[in-house]
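Notes follow the structure.
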Amino acid sequence: MFKLKNLVWLLVPVVLLQGCAPAVVGGAATGASVAYDRRTTGTVIDDQGIEFKASYALFNNKEIYDQSHINVTSYNGIVLLTGETPSESLKQKVTEEVKKIPKVRRIHNELAIAAPSALPSRSSDGWITSKVKAKMTTDEKTDPFLIKVVTERGIVYLMGMLSRAEADRAVYLVKNTAGVQRVVKVFEYTD
């Protein structure tokens, strides 16, 4: 039990700081955003649990962990998998591991078949996410607390429960941000 507890304490900062600056800014805003998030408080907690359990399961699968760089993001039970893994078979194994987690409704496996990305690439992705969130924050027609932004290899993934008009506005802002290669919508529409 002692080893598991220590592992958890070591993993929490790693999981939370994967996005560096965006994680710090996003983490500070999480408490405020829960107050008017479109998800229930229980669902927000479930999503955090899904992310932790998936990361832990992938960490424990040495075949996957040793060869891949994987980010797990959950929003309303919908899981987005981003990063890199070297083969299609490992990509499918990641999906199978995440499927086992309770309350996962759907999985979007966007893992690239490639070697794990280098730190400069990840830093660039963090910078793009920061720019996107800043743009959303200053736009009076966009509520940044309703949109989860994940960037991987210059591709920006957007998650949230939005109306089509809100989603279109968010996509417009992201497409007009320097460094963005492509935008992928993983929205649930409210209308």
Side-chain angles (χ1 to χ4, degrees), residues 15-30 32-34 36-39 43-44 47-48 50-51 54 68-85 91 94-95 98 104-191:
V15 171
L16 291 177
L17 294 178
Q18 280 184 342
C20 298
V24 173
V25 172
T30 298
S33 70
V34 168
Y36 67 94
D37 195 308
R38 289 184 177 151
R39 298 173 291 171
T43 301
V44 171
D47 284 334
Q48 292 171 346
I50 288 168
E51 290 175 3
S68 308
H69 160 247
I70 302 170
N71 293 311
V72 180
T73 309
S74 180
Y75 194 97
N76 204 33
I78 297 172
V79 175
L80 171 66
L81 300 169
T82 56
E84 304 83 24
T85 195
K91 181 177 179 176
V94 171
T95 298
V98 175
V104 170
R105 295 176 36 225
R106 195 171 341 142
I107 299 171
H108 290 273
N109 189 335
E110 297 288 331
L111 290 170
I113 306 301
S117 59
L119 185 59
S121 174
R122 293 182 204 170
S123 296
S124 175
D125 289 337
W127 177 239
I128 291 169
T129 297
S130 295
K131 291 189 297 185
V132 166
K133 289 301 268 186
K135 208 177 231 192
M136 288 179 180
T137 300
T138 59
D139 183 70
E140 61 187 45
K141 296 178 183 177
T142 305
D143 187 341
F145 292 117
L146 299 178
I147 304 167
K148 193 171 259 197
V149 179
V150 176
T151 307
E152 196 74 49
R153 296 174 321 282
I155 302 168
V156 177
Y157 300 89
L158 300 174
M159 302 179 81
M161 296 168 57
L162 303 174
S163 70
R164 292 189 188 279
E166 290 169 327
D168 289 345
R169 180 66 183 172
V171 169
Y172 170 79
L173 291 173
V174 174
K175 282 184 177 180
N176 291 295
T177 303
V180 173
Q181 302 297 314
R182 186 167 56 106
V183 179
V184 177
K185 299 180 282 188
V186 191
F187 293 127
E188 284 187 279
Y189 294 106
T190 58
D191 56 1

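Computed from heavy atoms alone, side chains included, the values below leave out hydrogens, waters and symmetry copies. Keep in mind the model is a prediction, meaning the values are calculated, not measured.
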Contact list for residues 171-189, test salt bridge (charged side-chain N to carboxylate O under 4.0 Å, His left out), sequence neighbours left out: Arg105-Glu188
Gln181 to Arg153 - nearest heavy-atom pair and separation: CG-O, 4.0 Å
Polar side-chain atom of Lys133 near backbone of Pro144 as donor-acceptor pair, under 3.5 Å: yes
Those residues that, when tested against Asp168, pass side-chain hydrogen bond (donor to acceptor under 3.5 Å, both in side chains) (two or more places apart): none
Partners meeting side-chain hydrogen bond (donor to acceptor under 3.5 Å, both in side chains) with Thr73 (sequence neighbours left out): none
Euclidean distance, Phe145 CZ relative to Thr137 OG1, rounded to 0.5 Å: 7.0 Å
Partner set under side chain to side chain contact (heavy atoms under 4.5 Å, CB included) for Ser163, not counting sequence neighbours: Ala165, Glu166, Thr190, Asp191
Spacing of OG1 belonging to Thr43 relative to CD belonging to Gln48, to within rounding of 0.5 Å: 11.0 Å
Atom pair NE2 (His69) and CZ (Arg122), whose distance is rounded to the nearest 0.5 Å: 3.5 Å
Minimal non-hydrogen separation, Asp47 against Gly77, with atom names: OD1-N, 2.9 Å
Phe187 CZ to Leu158 CG distance, which is reported to the nearest 0.5 Å: 4.5 Å
Exercise: identify the closest heavy-atom pair between Ile70 and Glu84: CG1-O, 4.4 Å
Nearest non-hydrogen partners of Glu152 and Tyr157, listed with the distance: CB-CE1, 4.1 Å
Lys148: partners by side-chain hydrogen bond (donor to acceptor under 3.5 Å, both in side chains), with sequence neighbours left out: Glu51
Counterpart residues, salt bridge (charged side-chain N to carboxylate O under 4.0 Å, His left out), relative to Lys131 (two or more places apart): none
Greater than 12 external heavy atoms within 6.0 Å of Tyr189's OH: yes
Minimum heavy-atom distance Gly179-Ile128, with the two atoms named: O-CD1, 3.3 Å
Asn76 side chain vs Ile78 backbone, donor-acceptor pair below 3.5 Å: no
Nearest-0.5 Å distance that lies between atom NZ in Lys91 and atom CG in Asn109: 5.0 Å
Separation of Asp139 CG from Arg169 CZ (nearest 0.5 Å): 4.0 Å
Side chain proximity check, Val132 to Thr151, heavy atoms < 4.5 angstrom: no
Reference residue Leu173; test side-chain contact (heavy atoms from CB on, under 4.5 Å); the match among Thr138, Thr142, Val180, Ile147: Thr142
From Thr82, Leu80, Val184, Thr95, residue fulfilling side-chain contact (heavy atoms from CB on, under 4.5 Å) relative to His108: Leu80
Test salt bridge (charged side-chain N to carboxylate O under 4.0 Å, His left out) applied to Asp143 - qualifying residues, sequence neighbours left out: none
Listed partners of Ser121 passing side chain to side chain contact (heavy atoms under 4.5 Å, CB included), at least two apart: Ser117, Asp125
Residue pair Glu110, Ile155: steps toward the side-chain contact (heavy atoms from CB on, under 4.5 Å) verdict: CA-CA 10 Å; Glu110 297 288 331; Ile155 302 168; over 6 Å; no
